[in-house]
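Here's the structure, in structure tokens; my notes come after.
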Amino acid sequence: LAAGLAALAIAVTTWASAIAPRHKPDPRVVMRGELAQVVQARKLRIEILNIEIAGRCLTAPSEELVRLLVLDGRSADARHFADAYIWHCGGDDVIARWGAAPKPGL
């Protein structure tokens with residue numbers, strides 16, 4: 001009898017908690033938080049790439065760095081990096097294209 005009453009109490013408690021309304025977070029607040037995390041991750045990756053490249057002619061990291069600079073809204077830095085890379089290491093179409101990219105939103 002005690003086991004039956006305990007099972008019934010658990011069932012009623014579970015049912016009551018399932019029908020209770022739950023507070024949903026505002027989707028705009030959630031999106032802002034996620035975008036802030038993306039921005040922070042991009043800034044960290046830019047710093048890591050700057051340390052990794054350190055004036056060397058590494059094509060793939062350099063292409064990623066110039067792309068991330070443009071996506072971060074730092075078009076002038078991307079252009080400066082692209083010009084320095086092309087002058088020092090030779091031409092690269094990907095770096096040249098990203099270096100010539102306009103500011104986002106224009």
query = Does some side-chain heavy atom of L68 sit less than 4.5 Å from a side-chain heavy atom of E64?
reply = yes

key: Heavy-atom pair of closest approach, residues D92 and I95   = OD1-N, 3.0 Å

query = Only one of D77, L71, V70 clears side chain to side chain contact (heavy atoms under 4.5 Å, CB included) with R74; which?
reply = D77

remark   = Interatomic distance, CG@L65 vs CZ@F81, rounded to 0.5 Å, equals 4.5 Å

ask   = Transitive ILVMFWY cluster of M31 at side-chain heavy atoms under 4.5 Å: who else is in it?
value = L35

message = One pair to check against side-chain contact (heavy atoms from CB on, under 4.5 Å): L44 and Q40. What are the steps and the verdict?
response = CA-CA 6 Å; L44 177 63; Q40 287 304 106; over 6 Å; no

query = Does CG belonging to D93 count more than 12 external heavy atoms closer than 6.0 Å?
reply = no

Please list every donor-acceptor pair under 3.5 Å in which a side-chain atom of residues 50-62 meets a protein atom from a residue at least two apart or in another chain.
unit_1 : atom_1 : unit_2 : atom_2 : d
N50    : ND2    : I46    : O      : 3.3
R56    : NE     : I53    : O      : 3.3
R56    : NH2    : E52    : O      : 2.2
T59    : OG1    : Y85    : OH     : 3.4
S62    : OG     : L58    : O      : 2.6

message = If you apply the rule side-chain contact (heavy atoms from CB on, under 4.5 Å), what do you find for R45 with I48, and how did you get there?
response = CA-CA 5 Å; R45 184 68 183 148; I48 290 170; 3.8 Å; yes

task = Looking only at non-hydrogen atoms, find the nearest pair between G99 and V66 and report the distance.
result = N-CG2, 4.0 Å

key: Spacing of K43 atom NZ and L69 atom CG [to the nearest 0.5 Å]   = 10.0 Å

